[in-house]
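Below, all heavy atoms of this structure are taken into account, side chains as well, without hydrogens, waters or symmetry copies.
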Amino acid sequence: MKYINNNGEVYEKDYDIQIERHTASHILAQAIKRLYPNAKLAIGPAIDTGFYYDFDDLNIKQEDLQNVEDEMKKIIKENLKIESYSLPKKEALELMKNEPYKREIINDLPDTEKISFFKQGEYIDLCVGPHMLYTKSIKAVKLLSITGAYWKGSQNNKMLQRIYGTAFENKEALEEFLIKKEEAKLRDHNKLGRELEIFTTNDLIGQGLPIMLPNGAKILQILQRFVEDTEARQGWQLTKTPFMAKSDLYKLSGHWDHYKEDMFVLGDEKKDEEVFALRPMTCPFQYQVYLNRGRSYRDLPMRLNETSTLFRNESSGEMHGLIRVRQFTISEGHLMCTPDQLEEEFKGCLKLAIYMLKTLGLYEDVSYRFSKWDPEDKQKYIGTKEQWDEAQGVMEGILNHLGLDYKVGVGEAAFYGPKLDIQIKNVHGKEDTLITIQIDQMLAEKFGMEYIDKDGTKKRPYIIHRTSLGCYERTLALLIEKYAGAFPLWLAPIQIKILPISDNELLYANEIKAKLENEGFRVKVDSSDEKIGYKIREAQLEKLPFMIVLGAKEKEENTISVRSRQAEKQDQIKLNDFILNLNNIINEQIGKDI
RNA sequence: GCUGGGAUAGCUCAGUUGGUAGAGCAGCGGUCUUGUAAACCGCAGGUCGUCAGUUCGAAUCCGACUCUCAGCUCCA
């Protein structure tokens, strides 16, 4: 494959999908310029799933995309040769005199810089390249959607019109991508979760406030018991702190100055003597547990956990199914320790998180992000540069010592400290934080937390702020998508459905149900008068782990016919053998050691 | 919060240039008592997201709001 770089040099290299996509974005811009000459060019990079190009003074609709795509295919067919050349800044500005966004980019470049351009036919774009050598090198291209996007990614700037598209090496690869995209939609928790009656929402209750239906509430209960029991075995002590507090608490913690926009405040500061706010984080509440009396080094490490319901007044456009909500519950915890305990305890928190991920089956799907502050953003963060350097330095040391493969996210830290975020992508490819482990010194200082050390002097403890399985609602959403609703046995809200072939077996069915429930299993009997084939199909749609078919034969022989959701047909066995089998499966699923 | 779609029965969706709402599935009642992908008959179910407007007349046209989807921004 031939490419051209911004020195005008042509070179040979293996097929590079990112270069193809970047070239496709130029062809998109060329097509837009031909069809809508008044449109202004912003930027058009390649991304993970394809490419986009941002335009101003363009107002097209979804229906117009096909037309644009047809024009792109025409340009590809014309097989224009792509050339590159450089200009001094002054001439570059002159060349782009009708492109305000390009001029802004050029103006931001140093004066000494030679500015490179790529040209294909009548179309010229400011670009560092490289590109494919001919437009015909684009083998499969498709425009996908059209949305708004802020210029330079800042909401203070104008919103431009962004066109998303994708390109592949051949038509088959494009086709496969589109099919996968459609399949992903079927796993979408926001659709599947409603279909499987896990949750719903309601106009009267409001945005970002999902209602957990019996199936969803059951899964959350199972998860919560699992988390609390596991944490207890790891030396965590459960606390229960209030859902709200006076504004005084938040003023001390810094939330009032740095987080009030995102809080639900009860009352009016101007009129009321006392104003309350629902808690957006548990830290300042749980710190009061530590502060309940003086602490000695003998009390450390002190591990406090809480199944903690939080309230955040997210902007209206942010809410999404169970992934982004206004009220949610997290497996939160705060760990107070001495400096020389810090690394070991941090490791313990990470180990616990990884154990949770492995048990849930999500371990292979996560990535790690070291979230630092942005020194430029004075509004967002409390503390001094020295404090941040220290906290980040400590965390970086630990992360590197653990040999963790992580990316750095600048400006992603909490307002009070750096974080190790464990990230996961949903079915649409959008990444969110599932679990977070943070080192917090600023709030410890604000609340005056200390301990008496061996030498009798007062010292400030290090505090690790962490979640073990993260936000329950978000985790549930990811689990729905991971398993496409077919939950592992230990998590399934209904584990077994009993299908009597006729009403003659109803009594026997209820007998089996009672015995299974007595063993702690979650069972449902299908007492409808449908035919057995229909009942099986229904049970399959519910994605339950097991079904039991009971007819005259089973009743006669005092057996059951069991079928797992993967199996083609059922096996006739004794109930006790089935119970043994179920327990084995569950032990396998949650019995792993930390 | 911003840009652009959308909201009709529990669900999936029809509904023509404005004339007063329909199907399939689910539900309920009955018949059938069934051995592996949808038995048969019947019934019921809607303030067409909400509110205000234009009109003799609005699911349909205009406006505001609510909710929802995709993306941006923000974030667990």
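- Considering A/Tyr416, A/Tyr259, A/Trp388 as possible partners of A/Tyr381, the one that fulfils the ring pair (Phe, Tyr, Trp, His ring centres under 6.0 Å) test is A/Trp388.
- Across all strands shown, A/Gly148 has heavy atoms under 4.0 Å from base atoms, whether or not it also approaches the sugar-phosphate.
- For B/G46 and B/U34, the C1' atoms lie 36 Å apart once the distance is rounded to whole Å.
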Pairs under 3.5 Å (N/O, protein and nucleotides 40-51 of chain B):
none

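- Residue-to-nucleotide contacts include a donor-acceptor pair under 3.5 Å from the side chain of A/Tyr150 to the base of B/G1.
- Stems are defined here as 3 or more consecutive Watson-Crick or G-U wobble pairs with pairing distances under 3.5 Å; those involving RNA chain B are B:1-7 with B:66-72, B:10-13 with B:22-25, B:27-31 with B:39-43, B:49-51 with B:63-65.
- Ring geometry for A/Phe177 against A/Phe168 counts as tilted: the plane angle lies between 30° and 60°, on a 0 to 90° scale.
- The cationic group of A/Arg21 does not satisfy the cation-pi geometry with A/Phe51, failing either the under 6.0 Å distance to the six-membered ring centre or the 45° limit from the ring axis.
- Atom CD in A/Glu231 sits 11.0 Å away from atom CD in A/Glu306 (nearest 0.5 Å).
- Spacing between B/A64 and B/A52 at atom C1', rounded to whole Å, works out to 8 Å.
- In this structure, A/Phe328 forms an aromatic stack with the base of B/A76, since both conditions hold: centre separation below 5.5 Å and plane angle below 30°.
- Nucleic acid contact class of A/Lys380 (heavy atoms, under 4.0 Å, all strands): sugar-phosphate only.
- If you check every strand for non-hydrogen atoms under 4.0 Å, A/Gly551 touches a base.
- A/Glu318 comes within 4.0 angstrom of a base, heavy atoms only.
- Separating the CD1 atom in A/Ile27 from the NE2 atom in A/His22 is a distance of 11.0 Å, to the nearest 0.5 Å.
- Within 4.0 Å of A/Glu314, counting heavy atoms only, lies at least one base atom of the nucleic acid.
- Taking the P atom of each, B/C11 and B/U50 are spaced 15 Å apart, rounded to whole Å.
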Which atoms of nucleotides 28-34 of chain B (N or O only) lie under 3.5 Å from a protein N or O atom, and what are those distances?
unit_1, atom_1, unit_2, atom_2, d
B/U31, O4, A/Asp529, OD2, 2.9
B/C32, N4, A/Asp529, OD2, 3.1
B/U33, O2, A/Asp503, N, 3.2
B/U33, N3, A/Asp503, OD2, 3.4
B/U34, O4, A/Asp529, O, 3.0

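- Residue A/Asn426 contributes atom CG, which lies 14 Å from atom C1' of B/A76 at whole-angstrom precision.
- Side-chain N/O atoms of A/Glu554 and base N/O atoms of B/G35 include a donor-acceptor pair closer than 3.5 Å.
- Taking atom C1' on both B/C13 and B/U8, the two are 9 Å apart, rounded to the nearest angstrom.
- In this model, no side-chain donor or acceptor of A/Arg326 finds a partner on the base of B/C75 within 3.5 Å.
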